[in-house]
2 protein chains.
Amino acid sequence: MKAKLKYFIEVKGEYYNCPIELTLSMISGKWKGIILWHLIGNDTLRFNELEKAIPSISQRMLTKELREMEKHGFIYRKVYPQVPPKVEYSLSDLGRSVIPIIKSLSEWGSNYAQNCGKIYIKE
Amino acid sequence: MKAKLKYFIEVKGEYYNCPIELTLSMISGKWKGIILWHLIGNDTLRFNELEKAIPSISQRMLTKELREMEKHGFIYRKVYPQVPPKVEYSLSDLGRSVIPIIKSLSEWGSNYAQNCGKIYIKE
DNA sequence: CCGCATCCTCCTGGATACTG
DNA sequence: CAGTATCCAGGAGGATGCGG
């Protein structure tokens with residue numbers, strides 16, 4: 001055992017026991033991983049396009065997760081005031097700073113899935 | 001947009017929409033991050049030592065998280081049949097394979113905390 | 001020392017319906 | 001097209017007490 005210094009972290013009114021917990025809380029949520037993944041690969045995406053890219057997500061959850069990511073400062077939301085509405089989402093600098101993490105999560109998961117799981121294709 | 005190939009992953013009866021979600025599910029849980037962190041730095045740790053290293057965790061949660069990580073194959077649990085009991089936990093090869101991820105989570109979180117949060121020391 | 005068993009609360013996320 | 005609003009079920013996680 002090294003130092004026994006105990007501390008906690010406070011960010012925007014939330015409390016964390018360690019930086020790992022903090023980071024995980026920012027990218028956790030059932031759909032944030034895959035949403036980030038699509039935004040990494042696509043520069044900007046409309047609400048509609050994200051829905052199509054993630055067929056099993058509901059409108060409610062897509063909205064909810066996007067709002068949280070916006071609050072975290074991970075993404076920008078650009079609204080075009082027109083009818084029908086058009087809204088574009090894109091990564092901020094902070095969002096881009098987690099790309100390496102998301103990629104390593106993705107790679108680790110892919111390896112693990114190939115060794116210990118099964119992959120099913122949907123038609 | 002690239003390929004529109006849709007799929008899902010099945011591992012041990014659980015289903016995931018993408019490898020990122022899969023990986024996150026393995027390391028998510030309020031205390032797994034900090035438990036892994038301590039096991040990374042200490043080779044083997046007794047139940048007791050983990051409790052002291054993570055003052056705010058309850059016995060129930062420590063047991064619960066350790067059981068899940070054992071089920072995931074991340075850690076070994078070695079029981080010494082003696083009175084009073086002695087149990088040692090250590091990382092498996094699979095557990096060690098996530099060290100780079102945990103470290104990058106930790107680094108990102110530390111940076112973020114320093115820029116956007118506050119760190120409080122407990123006595 | 002290292003747990004397990006109960007009970008309880010809150011939060012996440014799903015289903016469904018409605019709107020500017 | 002891009003959302004709200006409501007309702008609801010299940011599970012995560014906390015508090016407490018007992019046991020080999």
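Worth saying up front: this structure is predicted, and the values here are computed from it rather than measured. Below, all heavy atoms of this structure are taken into account, side chains as well, without hydrogens, waters or symmetry copies.
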Residue that, paired with A:Tyr120, satisfies ring pair (Phe, Tyr, Trp, His ring centres under 6.0 Å) out of B:Tyr15, B:Tyr7, B:Phe8: B:Phe8
Nearest-angstrom distance from the residue atom OH of A:Tyr80 to C1' of D:dC1: 15 Å
Of all pairs that satisfy side-chain hydrogen bond (donor to acceptor under 3.5 Å, both in side chains), the ones with a partner from residues 99-109 of chain B, not counting sequence neighbours: A:Ser97-B:Trp108
Sub-4.5 Å side-chain heavy-atom contact between A:Ile20 and B:Leu36: no
Ion pair B:Lys118/A:Glu10, N-O distance below 4.0 Å: no
Reported CD-to-CE distance for the pair A:Glu14 and A:Met26, which is rounded to 0.5 angstrom: 11.0 Å
Length of the CG-C1' vector between A:Asn48 and D:dA2, whole Å: 8 Å
Nucleotide C:dC1, atom P - distance to CG of B:Leu50 in whole Å: 14 Å
Could you pull out the protein-nucleic contacts involving nucleotides 13-18 of chain C (nitrogen or oxygen on both sides, under 3.5 Å)?
unit_1, atom_1, unit_2, atom_2, d
C:dG13, OP1, A:Lys30, N, 2.9
C:dG13, N7, A:Arg60, NH2, 2.6
C:dG14, OP1, A:Lys30, NZ, 2.5
C:dG14, OP2, A:Trp31, NE1, 3.3
C:dG14, N7, A:Arg60, NE, 3.4
C:dG14, N7, A:Arg60, NH2, 3.3
C:dG14, O6, A:Arg60, NE, 3.1
C:dG14, O6, A:Arg60, NH2, 3.0
C:dA15, N6, A:Arg60, NE, 3.3

Interatomic distance, A:Lys86 NZ vs C:dG20 C1' [rounded to whole Å]: 19 Å
A:Glu70 CD - D:dG3 C1' separation (whole Å): 13 Å
Please tabulate, for side-chain N and O atoms in residues 55-62 of chain B, each donor-acceptor pair with protein atoms closer than 3.5 Å (sequence neighbours left out).
unit_1, atom_1, unit_2, atom_2, d
B:Ser56, OG, A:Asn17, OD1, 3.2
B:Ser58, OG, B:Met61, N, 3.2

Rounded distance (Å) that lies between atom C1' of C:dT12 and atom CG of A:Leu62: 16 Å
Between C1' of D:dG3 and CD of A:Gln82, the distance in whole Å: 15 Å
Side-chain N or O of A:Arg46 closer than 4.0 Å to phosphate OP1/OP2 of D:dG3: no
Phosphate OP1/OP2 of D:dG3 contacted by A:Arg77 side-chain N/O (<4.0 Å): yes
Sugar-phosphate, base or nothing in reach of A:Tyr89, heavy atoms under 4.0 Å: sugar-phosphate
Residue closer to the 5' end of DNA chain D, A:Pro84 versus A:Thr63 (nearest nucleotide): A:Pro84
Rounded distance in Å - CZ (A:Phe47) to P (C:dT19): 18 Å
Step-by-step salt bridge (Lys or Arg N to Asp or Glu O under 4.0 Å) determination, B:Lys78 to B:Glu88: CA-CA 5 Å; B:Lys78 183 169 183 185; B:Glu88 281 182 349; 5.6 Å; no
